[in-house]
Protein chains: 2
Amino acid sequence: MQIGELARTTATKVETIRFYEKIGLLPEPGRTSGNYRDYGAAHLARLSFIRRARDLGFTLDQVRELLTLSDDSSRSCSAVDTVARAHLAQIDQKIADLRALRRELDELIGQCSQGAISDCRIIEALGPSAQNGH
Amino acid sequence: MQIGELARTTATKVETIRFYEKIGLLPEPGRTSGNYRDYGAAHLARLSFIRRARDLGFTLDQVRELLTLSDDSSRSCSAVDTVARAHLAQIDQKIADLRALRRELDELIGQCSQGAISDCRIIEALGPSAQNGH
DNA sequence: CTTGACCCTGTAGTTGCTATAGGGTGCATA
DNA sequence: TATGCACCCTATAGCAACTACAGGGTCAAG
Ligand SMILES: [Zn+2]
Ligand SMILES: [Zn+2]
Ligand SMILES: [Zn+2]
Ligand SMILES: [Zn+2]
């Protein structure tokens, strides 16, 4: 299987596959006589894993860790659980941060009187002496 | 005022201030005889504006736009409102995306039986044949 | 006259790709 | 046989928004 087919199958850009190889996330495949990369089922499986984990928002470092863990099939999966729960906690934190941000911004927009810039509460609130007590 | 004091006053790293200058967000200040940057009240005001907008999650491009708008104090502030509302919509989108992700991940973690890796539903769900119907 | 805190420029690193530039390969067609 | 075209190769630079050096210069105190 050459890189283009692997790319189509996994909905990944060709450059991204080469990038994953370069950073050591995807093992180097064999080469054809014309120096084309030649992938097999194992590569497809590994790349699918990477893509799914990325879709779930894991960082490449976390993906690397999950791959290492999944390669050692004898050990307990509590380490996997730990990685996943840590990621969940990060997502929760991000959501909380964004919600706080949203509240701030919404409040600001609500104060805009649609007049001249010189009277705009949004601009004013962004200014240097804006201490709004939050 | 030299750069270190401006940095402390605005809770900004010195390097970040120089970076804002390099990308044209903060105007070049005058220099002392020893070639040190010398900032005044206008610089402080502008940097405060930038920091506050960044804290609210505006991109540097959006900050640039807001600064341009705020410099022309005669015009209507509806353009400001438009930028702010666009940003709010982006935040809402991000929150929705993160919530969907959170749901997925939470479901996955709930299925982990804490046994061997070979039985782990998390690892399994990340695998190539994982079509979970979402 | 030396120490130390501060400042300067310029460049490279971070994350996770994406997009060129400038070539080579492989197969079908005129 | 020549030529076109889709595909592949490497290497490098770019994106956001900083951050972190390296290798210097400046300035006040002791
Ligand atoms: Zn408020
Ligand atoms: Zn307004
Ligand atoms: Zn599900
Ligand atoms: Zn498990």
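Order of the sequence lines sets the chain letters (A, B, ...), proteins ahead of strands, with each chain counted from 1.
- Rounded to an integer number of Å, the gap from NZ of B/K22 to P of D/dC18 is 13 Å.
- With hydrogens and angles disregarded, no donor-acceptor distance shorter than 3.5 Å links the side chain of B/E104 to the backbone of B/L101.
- Taking atom CD of residue B/E28 and atom P of nucleotide C/dC8, one finds them 12 Å apart after rounding to whole Å.
- A donor-acceptor distance shorter than 3.5 angstrom exists from the side chain of A/T12 to the backbone of A/T10, with no hydrogens or angles considered.
- Atom CD1 of B/I17 is separated from atom C1' of C/dC6 by 14 Å (rounded to the nearest Å).
- Between A/L60 atom CG and C/dG16 atom P the separation is 4 Å, expressed in whole Å.
- Formation of a donor-acceptor pair under 3.5 Å by the A/R103 side chain with backbone atoms of A/E107 is not found in this model.
- The phosphate of D/dT19 has OP1 or OP2 within less than 4.0 Å of a side-chain N or O from B/T16.
- At distances below 3.5 Å, at least one donor-acceptor pair connects side-chain atoms of B/D38 with backbone N or O atoms of B/M1.
- The interatomic distance linking A/D38 (CG) with C/dT25 (C1') rounds to 15 Å, in whole Å.
- Going from atom CD of B/E21 over to atom P of C/dG10 covers 11 Å, rounded to whole Å.
- Closest to the side chain of B/R31, from the set D/dC27, D/dC18, C/dT9, is C/dT9.
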B/S/- contact track for nucleotides 3-8 of chain D, protein heavy atom under 4.0 Å: ----BS

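- Distance CZ (B/F19) to C1' (C/dT11): 14 Å, rounded to an integer number of Å.
- Close to D/dA17, at under 4.0 Å from its OP1 or OP2, lies no side-chain N or O of B/Y20.
- Of the possible donor and acceptor atoms, none in the side chain of A/D81 sits under 3.5 Å from a partner among the backbone N and O of B/C112.
- Under a 3.5 Å cut-off, the side chain of B/Q111 and the backbone N or O of B/L108 do not form any donor-acceptor pair.
- A distance-only check finds no donor-acceptor pair linking the side chain of B/H87 to the backbone of B/T82 [under 3.5 Å].
- For residues 87-98 of chain A, proximity to DNA chain C is found at no residue, defined as any non-hydrogen atom under 4.0 angstrom from a strand atom.
- A donor-acceptor contact closer than 3.5 angstrom links the side chains of A/Y20 and A/R51.
- Relative to the side chain of B/E15, the nucleotides C/dT18, D/dT19, C/dC8 differ in distance, and D/dT19 lies closest.
- B/T32 comes within 4.0 angstrom of no nucleic acid atom, judged by non-hydrogen atoms across all strands.
- Hydrophobic clustering (ILVMFWY, side-chain heavy atoms < 4.5 Å, transitive): B/Y36 and B/V14 are in distinct clusters.
- B/K13 has its NZ atom 16 Å from the P atom of C/dC6, to the nearest Å.
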